[in-house]
Structures are given as structure tokens and as C-alpha cells.
Chemist: 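Right, I'll just put the structure down here and ask away after.
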Amino acid sequence: MRVATWNVNSIRSRLDRVLDWVARSGVDVLAMQETKVKDEAFPHEAFGALGYEVATFGFSQWNGVAIASRVGLGDVVRTFPGQPAWGDPPAVEARALGATCGGVRVWSLYVPNGREIADPHYEYKLAWLAALRQAAGDWLHDEPTAKIALVGDWNIAPLDTDVWDPAFFAGRTHVTPAERDAFAAIADAGFTEVSRAHLPGEHVYTYWDYQQLRFPRNEGMRIDLTYASPALAAAVTGVTIERNERKGAQPSDHVPVVLQVDVP
DNA sequence: ATGGTGGAAAGTCCA
């Protein structure tokens, strides 16, 4: 079974490219982030024509997550327990969606960006990650043999070699010790980030900004990552980063990351 | 080749 994650940066503006890739890649499950569409406007029919059901969670033009599956879509849950709120009035955002697909509990996650270190959004990001660590630890505690995948756009580069120029990011978000500690805390809860073991190279990126020729210059970041529970980590036999999906007309600024999972 | 920001409740905010 193949499980993919992709920050699509608007499913409506990206629909043809996403469907084309889904058909070519033959993934069984696709977790999407930044769908930027409310639930009632999501293009379910287009996915249905390819044999995929889709669970969606979106309120507005911001954020939005979805999971498309052709191997079942059960126990759909919107938001994780304890997920912090944001805004005025405070509201829980559309950044986390869980569903069980082919025996794997998939969570499509869009971690808050953080904006600037001095911005309240940065503290929101850290609180969001701390709450996720608690929830994920509880899931594993309740069912130690569960196959759980925490996939998505983490908006954190765990290593200096996950960005094109550490000096550029000095004083900016995505690389601070507090963010990296919050990311590492998911591992303390019993999960393993599985993409690096399969793709250990340095300067292997999943995102390139639209500005400043970042992609032609290969100036990117590795921020789309996958934490797996022990049972799932043992079943992952390969990971690919679909770099070609950053090329051509009207790409997302992120590319898909695909897990090959050896499930019975 | 992969090309000089893009998306959206737009005229500003978010990334």
C-alpha cells in the first residue's frame, strides 16, 4: 500500500495536477494540506471518478486538510484532542484530520507556520505541537500495536542541512531550537520519523518558495515529514519525494512524499 | 530543463 502526503496549496487551483499525479502514481491514500476550501465546495466528484473517497475539513480560504483513499475511510475525526485555538474569537482551525485507511490510522496535519519569532503565532505553533505530542502519546498508549501515520506539513526543518542556507534562516522560524525540540518530542512519545532513514541525503527538499527562483536554484526546505508508530515504522519499506511535481505549469510549492507500506 | 511569488472570503492577509 502507498500512502502519500502533499501540501497542495489550494485543491481547486491545483485539481488537474493533483488528479493527474494521483492517477499516475497509483497511491492508495493521499493526505492533503492547505486545501483552502470549505467542505461543501471540495471537488469530491473528481476524486470519486478515480475511485477515491475523500474526507475533508475546511472552514474558509485558509488552512484546510483532507484525506483521499481507495482502501477505505473510517472513523473520521476533525481536530485532535486538546488542539489549541487561534484568532479572535479563538477557534480551532482546520489543521488536523484523522481517518483509518486500509488498517492505517492516518492524520493529515498542517502545523501552524509561526510567521515570526516575536509573533503570537509562534507561541501558538509551539503550543499546537505540544498538544499534538500529548494526543499522539495517548493514542499509542491506548493501542500500542496500532499503525499510526502522522503526516503533513510540519513547518519545521529538523536539521540545518534541511534548509538551503542556515544563515538565511537565522532569527527566523522553522529552525529554532524550540521548534526542533517540539518536533523531537513527537519521537519521545514513541513515534519515528521514517522519511529520513530512507532518504538520508542532505539538502533533500520537499518545499521550494515560489519567489527568487528557489526551485531552479534548488534552494528549498525539508518540512513535509512523516512520524510513524512502531508497528507502522516496521512496515515502511520505502519513501520517495516526488520532486518532478514542482516542475511545469502552476505547481504547488510543496511536492508529494510517498510511503511504501508493507501491510497484509 | 526547473525561470525571477501565488492563492483567496482579494484590493489585504496568508504562506
Side-chain angles (χ1 to χ4, degrees), chain A residues 5-21 24 31-43 46 56-66 84-96 108-126 128-129 151-157 162-165 168-169 171-176 179 183 201 203-225 240-257:
Chain A
T5 184
W6 194 2
N7 178 322
V8 297
N9 187 19
S10 170
I11 188 58
R12 287 177 292 174
S13 70
R14 213 73 59 209
L15 185 59
D16 289 348
R17 278 198 71 133
V18 171
L19 293 175
D20 182 67
W21 180 78
R24 277 187 287 117
M32 290 169 269
Q33 301 86 37
E34 282 209 90
T35 52
K36 294 185 172 178
V37 64
K38 59 183 72 170
D39 289 331
E40 53 267 39
F42 192 96
T56 67
F57 183 31
F59 292 122
S60 69
Q61 79 275 40
W62 308 129
N63 314 310
V65 283
W86 173 256
D88 184 21
V92 178
E93 297 183 303
R95 294 180 177 274
S108 181
L109 303 170
Y110 178 45
V111 176
N113 174 283
R115 300 178 186 171
E116 310 282 341
I117 293 172
D119 193 297
H121 208 261
Y122 178 74
E123 294 303 324
Y124 168 53
K125 178 181 195 174
L126 296 177
W128 201 96
L129 288 160
V151 306
D153 176 0
W154 293 79
N155 272 315
I156 295 169
D162 292 334
V163 300
W164 54 278
D165 180 9
F168 176 86
F169 288 91
R172 300 178 190 244
T173 62
H174 293 60
V175 299
T176 65
E179 289 167 282
F183 183 78
H203 307 290
V204 172
Y205 305 130
T206 64
Y207 160 88
W208 298 260
D209 197 294
Y210 288 119
Q211 305 180 56
Q212 303 297 129
L213 287 170
R214 292 291 185 230
F215 184 61
R217 292 174 171 163
N218 196 29
E219 296 174 344
M221 307 174 76
R222 188 197 280 225
I223 56 178
D224 299 275
L225 301 152
T240 61
I241 294 174
E242 301 289 310
R243 192 175 183 281
N244 285 342
E245 297 316 304
R246 186 63 176 78
K247 301 177 181 178
Q250 298 180 296
S252 171
D253 42 1
H254 297 249
V255 295
V257 179

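These numbers come from the heavy atoms of this one structure, side chains and all, not from hydrogens, waters or symmetry mates. Every chain is numbered from 1 and lettered A, B, ... according to where its sequence line falls, protein lines coming before strand lines.
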Chemist: Contact class for A/Tyr207 (heavy atom, under 4.0 Å): base, sugar-phosphate, or nothing?
Modeler: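 Touches nothing.
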Chemist: Using a strict threshold of under 4.0 Å (side-chain N to carboxylate O), is an ion pair present between A/Arg172 and A/Glu179?
Modeler: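 No, no charged N to carboxylate O under 4.0 Å.
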Chemist: Nearest heavy atom decides the nucleotide; on that basis, is A/Lys38 or A/Arg243 closer to the 5' end of DNA chain B?
Modeler: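 Result: A/Arg243.
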Chemist: Please work out if A/Arg12 contacts a base, only the sugar-phosphate, or nothing of the nucleic acid, heavy-atom cut-off 4.0 Å.
Modeler: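 Sugar-phosphate contact only - A/Arg12 comes under 4.0 Å of backbone atoms but never of a base.
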Chemist: Under 3.5 Å, is there a donor on one side chain and an acceptor on the other for A/Ser108 and A/Gln33?
Modeler: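 The criterion, which ignores hydrogens and geometry beyond distance, is satisfied for A/Gln33 and A/Ser108.
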Chemist: Please check if the distance between the ring centroids of A/Trp21 and A/Trp6 is under 6.0 Å.
Modeler: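 Yes: the rings meet the under 6.0 Å criterion.
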Chemist: Could you go step by step and tell me if A/Glu245 and A/Arg24 meet the salt bridge (charged side-chain N to carboxylate O under 4.0 Å, His left out) rule?
Modeler: CA-CA 12 Å; A/Glu245 297 316 304; A/Arg24 277 187 287 117; 3.4 Å; yes
Chemist: Need one value for A/Arg95: base, sugar-phosphate or nothing, where a base atom within 4.0 Å counts as base even if backbone is also close, heavy atoms only.
Modeler: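 Result for A/Arg95 = sugar-phosphate.
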Chemist: Is A/Arg214 salt-bridged to A/Asp209, going by a charged N under 4.0 Å from an acidic O?
Modeler: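 Salt bridge between A/Arg214 and A/Asp209, a charged N being under 4.0 Å from a carboxylate O: no.
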Chemist: Report the glycosidic orientation of B/dA9: syn if within 90° of 0, anti in every other case.
Modeler: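 Syn conformation here, the glycosidic angle of B/dA9 being no more than 90° from 0.
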Chemist: Tell me yes or no: between the side chains of A/Lys125 and A/Asn155, is some donor less than 3.5 Å from an acceptor?
Modeler: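 Checked: A/Lys125/A/Asn155 side chains show no N/O donor-acceptor pair below 3.5 Å.
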Chemist: Counting any heavy atom closer than 4.0 Å, what does A/Arg214 reach on the DNA or RNA strands: base, sugar-phosphate only, or nothing?
Modeler: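 No contact.
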Chemist: Heavy atoms under 4.0 Å, any strand shown: does A/Ser60 hit a base, just sugar-phosphate, or nothing?
Modeler: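 Base contact.
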Chemist: A/Phe215 or A/Gln211: which one's nearest nucleotide on DNA chain B is closer to the 5' end?
Modeler: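 With A/Phe215 and A/Gln211 compared, the 5'-side residue is A/Phe215.
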Chemist: Using the ring centroid of each side chain, check whether A/His254 and A/Trp208 are separated by less than 6.0 Å.
Modeler: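 Ring-ring flag for A/His254/A/Trp208: false, centres at least 6.0 Å apart.
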Chemist: Could you give the start and end, 5' to 3', of the contact zone on DNA chain B for chain A, using atoms under 4.0 Å from its heavy atoms?
Modeler: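 Contacts span B/dT2 to B/dA15, reading 5' to 3'.
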Chemist: For B/dT5 versus B/dA10, give the span between their P atoms, rounded off to a whole number of Å.
Modeler: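 So the two P atoms sit 25 Å from each other.
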Chemist: Could you give the distance separating B/dA9 and B/dG4 at their C1' atoms, to the nearest angstrom?
Modeler: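 To the nearest whole Å, 30 Å.
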Chemist: Could you tell me how far B/dA8 sits from B/dG3 if I compare only their C1' atoms? Round to whole Å.
Modeler: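 Roughly 25 Å separates the two C1' atoms.
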